[in-house]
Amino acid sequence: MHREFLMGNEAIALGAMAAGVKLVAGYPGTPSTEVLETVAKRNPGSIYVEWSVNEKAAMEVAAGAAYSGARVMVTMKQVGLNVASDPLMSLEYVGVKGGLVVMVADDPGPISSQTEQDTRTFAQFAKVPLFDPSSVAEAYEMIQEAFDFSEQYHTPVFFRCTTRVDHGYEAIEVKEEDEYKEMPVEGFVKDSSRWVIFPRLSLKNHGLIEKRNRELTAVLSEYPRNAIQGETGSYKESGCRKGIASHGISYMYALDSLDRENHVRLLKVATPFPFPEELALQFLEGLDEVLCIEELDPVIERALLQLCGKHQLQVRIRGKLTGDMAPAGENTMLSVGRAINSFLGLSAEPLPKPADISLPVRPPVLCAGCPHRASFYAVKQAMKGKKTIYCGDIGCYTLGNAMPLDMCDTCLCMGAGINIAQGVGHLDKGTKCFAFVGDSTFFAAGLTGVVNAFYNQAEMTLVVLDNSTTAMTGHQPHPGTGRTVMGQVVEKVSIEKVLRAIGLTVVETVNPLDFERARDTIRRVAEEPGVKAVIFRSPCIAVTKPAGHAAVQAEKCIACQKCIRELGCPALILKEGKAFIDASLCTGCTLCEQICPVGAIYGGDKTAASCDAKASPFRGDCPRTSASLRVGGEKNEA
Amino acid sequence: MKHKNIILCGVGGQGTILASKLIAAAAMKKGLGVKTAETIGMAQRGGSVFSHVRLGEELHSPMIAPGQADIIIAFEPAEALRHLPFLKEGGTVVASLAPIFPVSTLIGDSSYPLEEVLQQLKNTIKKLTLIDSEAAVRELGSPKVLNVLLLGAAVRTGELGLELEDIEAALHEKVPARFHELNDRALRYTEGKKLP
C-alpha cells in the first residue's frame, strides 16, 4: 500500500484495476471521463481500453467480454446511460459471467449536463443493484466490492457517483501493482439457453431477478457500508427521537454540519437499490421523525415511506416530498446545514451577505481563436436577412448560443439537432434549416440522423464542425482522429466519404478561418436542394500550437468596435476606446483581421492552424482552458 | 492546527487548480489529511472558477461551508468579492488587483465597477493583501506564474500553516526543472516587500 493524492475518478480506476478488470469501455462525458483515461494512463499492459463510438457500443462490447468471464467496466455520464439503456435493460435479464460494473457519473446542479436524472431511480427501473460511495477513499474500496458482488450474483451492477465524489480529491491509501487481483478468463462458452434472449428466458429470469433482489434487501443490510451511526452525547441522554438518512456526498455534508460530540441517529445508505430494509427498520426503531438528505430523486425517502407503510410504523418521513429539502439542484454545505438546523429546531445562522454591488457575470465562452466562432460567424453573415433555424448539439459549440454570436436555436441531446432541423423543415418550407454537429458527436449519434434526412427527402444543411478532437471533455480521440486511447495509429474514418456513401452529392470542406470562402460556400450550398453538407475543418486551439498573435494598430483603429461586438472573442478587449488584443490569449486566428473595416489588425496566420498538426496527448482536462496543467510558462506534464 | 480551510478563486485559465494541487502536495508531505474540490468542465471556459482545499484530520466534506474559510486566495478582484461569503469572521484574503473583463461586459450585457469592487474589499476585510500582479508578472517575465506568486504571498500571511520551503518542494516535483528558477522567484517575489 502507498498513499496518493487522487481524484475520485482516478481512485475508481485504480480500484477497478486492483479488482482485476480486464476490459474498460466508455464514452467521454463530464463528470465521468477521467475514470477511463486513468485506466489507459496507468494500464499495466494487461487491460484492453477503448473509447467506444458511444455508450451503447461500450455497453455491448463490455457484455461480450463479461460473457467471456472477464471483469469489465463501462464508464459514462448519466445521460450516456440513456444511450446505453437498450442493451443494459436486456443484459440484466441475461446476466453476466465475469463481473460487470457500469460506472455512471450523475451531475446534480446540473453543472455540465442536460438533465438532473438520478441513476438510483434508473437502477430500480432496470432492476440492477447500485453502489453509491460517499468519498474518494470509499469509492476506491467500494468499486472492488462491486466487482465481487457482480460476479457472485451474475448481474451487472451500477457504480454511481456524483460530481463532488468524481471530481473531489483526497489523499488515500492504494494497493501496489503486485497486490492487484489476477482473475483468470475462461473465454466465451457457447450456451444458447443462457446468452440468447427469448421471451421464455426473459420470463424465467424476470422471476429469478425479483426473488434475488428481495433477498438482497437482507444481504445488503449486512453490507458494512450501509450503516447506522447511533446518537451520541446530549441527544442520547435526552432520548432524542429524530434521525437523519443520507447518502453520497450529502452524508459527508451532514457529518460536517452536525456537532461532533452530540449528534442524532444517522443512516448511511450505500446501496439504495436493493434497499437495505432490515437495517433501515433498525434505524427507524423508536424514532418519531426522519429527515432524508438526498441529491436528485427522493429515493431513500420513498423507500422509508414504503417501509413505514409495510410495517405500519408511526414515523414521519421528511425530505423532498414534504418540501423540507429542495426538489432540484445540488446540495451544498449551506443547504444541508440549514435543513439540519431547522429539523432539529436549532437557530439558523444568518445567511452570509453577498456583495451588494453587481459583479460581472462570467458565463463560459468559446476560447479565443476557437474555430467554432469563425464557423458560426460565417454562417450568420451568409444567411443575413434570411429566415433560418440553427439547430445546435452537444459539445463546446453549444456555447455558440451566447451573445453576440447567438447561433444556437435548439439543443436537446447528442445528435438531436440533425433530426430536429428536419422536423422544423417539414412544417415550414420557407425556413433554411441548419444543423451543427461536432466531429465526435457526428460519429456518436449523428450518422443515423443524416441517413434519416436523406432517405426521407429532408431539406437541410448539415454543418460538421470538425476540430479533430472531442474538445469539451478534454480531447479524447474518436474514429475521425486516427488514434485510439491505447495509443495505436489507425485508419481515420472520413466524414466526407461517409456522407457521400449515404448519398449526399454536395459535401464541401472549408477552413472556417478563411472567412470569405467559408461565408460564400455556405451561401452557395444552402441554396442546393435536399440534404447537403459543409464540413468546417480547423483544429481545436488546444491541440495545435498557436500561430503567434495579432495586434491592433491603435492609430489606424477607428473605434467602431465591430470586432468586439460581432465576434465576442475573449482576447479582444477595449482599451481607451479602441480595440486591443490580449496577446496571452490570442492564437492569431485572423478572424478579426479579416472583418476589420479599416485593416487595423495584423500579425495572425490562419494557414498555420491545420488539422494535420501534431495533436497533443489526450488528458482529463482541457489544458488550454483549465490551465490546471500550466505553470511557469509551459504546460506541465506532471 | 485542527483544520485549515482554503479557497482559491479566479477565472478559468488562470491556474487556480495547479495552485490548489501545490498546497495539497505540500500538506501531504507534512503528513496532513487533504481533501479538495474544484470546478471542472464547461464552466472553465472563461467562467468563474474555484478550488476548495481542506487540510487536517477527520475531514468529511471536501467543500467548505460559507463563513468557514480561513483564507481566500483570489486571482481576480471581482472573484474575491464573489467568494467573500465563504470567509470566516476575521479571515484573511490575498487578492490580485488585475481585473479580467468578461466578454459580457465588453458587449454591454453586464458591468464591472472595478473601483467599487476594490473599495468594498478594502472596507470589509481587515486582513487583506492586495498584489499588483500585473507589475509583478511583468517583472518576473511570465504571466503564467501568477498562481505561484499569489501562493507565495498567501504563505507569507501565515494562514496556510505551510512554509515557503514546503511549497517549493512540491513545486519542484510537479514542474519541469527548466522552470524551477522562474517559479522560485515568483514564490519569493513578495518576500521583504511592503504590501498594501
Side-chain angles (χ1 to χ4, degrees), chain A residues 3 5 30-31 111-112 136 164 167-171 249 252-253 255-257 332-334 337 349 352-355 357-367 396 399 402-404 472 564-565 568-570 572-574 584 621-622 624-634 636-638, chain B residues 11-15 17-18 21 24-25 28 33-38 40-48 60-68 78 81-82 84-86 101-107 109-113 116-117 120 142-145 147-148 173-176 179 182-183 186:
Chain A
R3 212 163 139 83
F5 184 61
T30 311
I111 301 170
S112 37
V136 175
R164 301 299 170 198
H167 283 169
Y169 277 83
E170 196 174 325
I249 198 70
M252 293 308 202
Y253 296 164
L255 284 182
D256 269 342
S257 303
T332 61
M333 284 290 294
L334 181 68
E349 284 170 41
K353 223 173 91 222
I357 51 181
S358 77
L359 293 171
V361 291
R362 296 189 197 275
V365 290
L366 293 172
C367 300
C396 286
L399 298 175
M403 295 306 276
M472 177 106 271
I564 293 174
R565 282 182 297 103
C569 173
L572 277 165
I573 53 179
L574 204 57
S584 71
D621 278 325
C622 165
R624 170 76 61 170
T625 52
S626 75
S628 65
L629 304 156
R630 278 164 75 183
V631 69
E634 189 88 333
N636 166 26
E637 300 296 335
Chain B
V11 177
Q14 284 194 295
I17 294 178
L18 182 76
K21 290 219 166 82
M28 261 183 85
V34 188
K35 285 196 179 189
T36 75
E38 60 211 17
I40 293 177
M42 197 194 243
Q44 287 173 186
R45 280 147 178 76
S48 160
H60 298 297
S61 160
M63 305 290 287
I64 297 165
Q68 298 292 321
L81 201 51
R82 202 189 304 278
L84 216 49
F86 283 96
F101 293 97
V103 171
S104 64
T105 62
L106 297 171
I107 60 172
D109 274 4
S110 100
S111 66
Y112 190 148
E116 287 174 53
V117 167
Q120 187 152 357
S142 167
K144 290 176 181 163
V145 289
N147 48 11
V148 175
E173 271 179 26
K174 291 212 176 286
V175 175
F179 300 120
L182 171 66
N183 280 290

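Chain identifiers are assigned alphabetically (A, B, ...) following the order of the sequence lines, protein sequences preceding nucleic acid strands; residue numbering begins at 1 within each chain. Owing to the predicted nature of the structure, the values given are computational and were not obtained by experimental measurement.
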### Query
Taking the side chain as C-beta and beyond, is there a heavy-atom pair between B:Lys144 and B:Leu18 under 4.5 Å?
no
### Pairing residues for A:Ser257 by the side-chain hydrogen bond (donor to acceptor under 3.5 Å, both in side chains) criterion, not counting sequence neighbours
none
### Query
What option among B:Ala37, B:Pro102, B:Ala24 has the most heavy-atom pairs under 4.5 Å with chain A?
B:Pro102
### Task
Specify which of B:Val103, B:Val117, B:Thr105, B:Ile64 makes the most heavy-atom pairs with chain A at under 4.5 Å.
B:Val103
### Query
Can you tell me how far the CE atom of B:Met63 sits from the CG atom of A:Asp256, to the nearest 0.5 Å?
12.0 Å
### Query
Where on B:Leu81 is there a heavy atom nearer than 4.5 Å to chain A: the side chain, the backbone, both, or neither?
both
### Query
How would you list, by chain and number, every residue that makes a side-chain hydrogen bond (donor to acceptor under 3.5 Å, both in side chains) with B:Gln120, sequence neighbours excluded?
A:Asp356
### Message
Less than 4.5 Å to any heavy atom of chain B: does that hold for the side chain of A:Ile249, its backbone, both, or neither?
### Response
side chain
## Note on the structure
Pair count under 4.5 Å, heavy atoms only, with chain A: among B:Ser111, B:Gly67, B:Pro143, highest is B:Ser111
### Task
Just say parallel, tilted or perpendicular for the rings of B:Phe101 and B:Tyr112, cut-offs at 30° and 60°.
tilted
### Task
Could you tell me which portion of B:Ser104 (side chain, backbone, both or neither) has an atom closer than 4.5 angstrom to a non-hydrogen atom of chain A?
side chain
#### Entry: Under 4.5 Å from a heavy atom of chain A, the part of B:Thr36 involved
both
### Query
Which one, A:Thr332, A:Val136, A:Leu359, leads in non-hydrogen pairs under 4.5 Å with chain B?
A:Leu359
### Message
If you define the side chain from C-beta out and look only at heavy atoms, does anything of B:Val145 sit under 4.5 Å from B:Phe179?
### Response
no
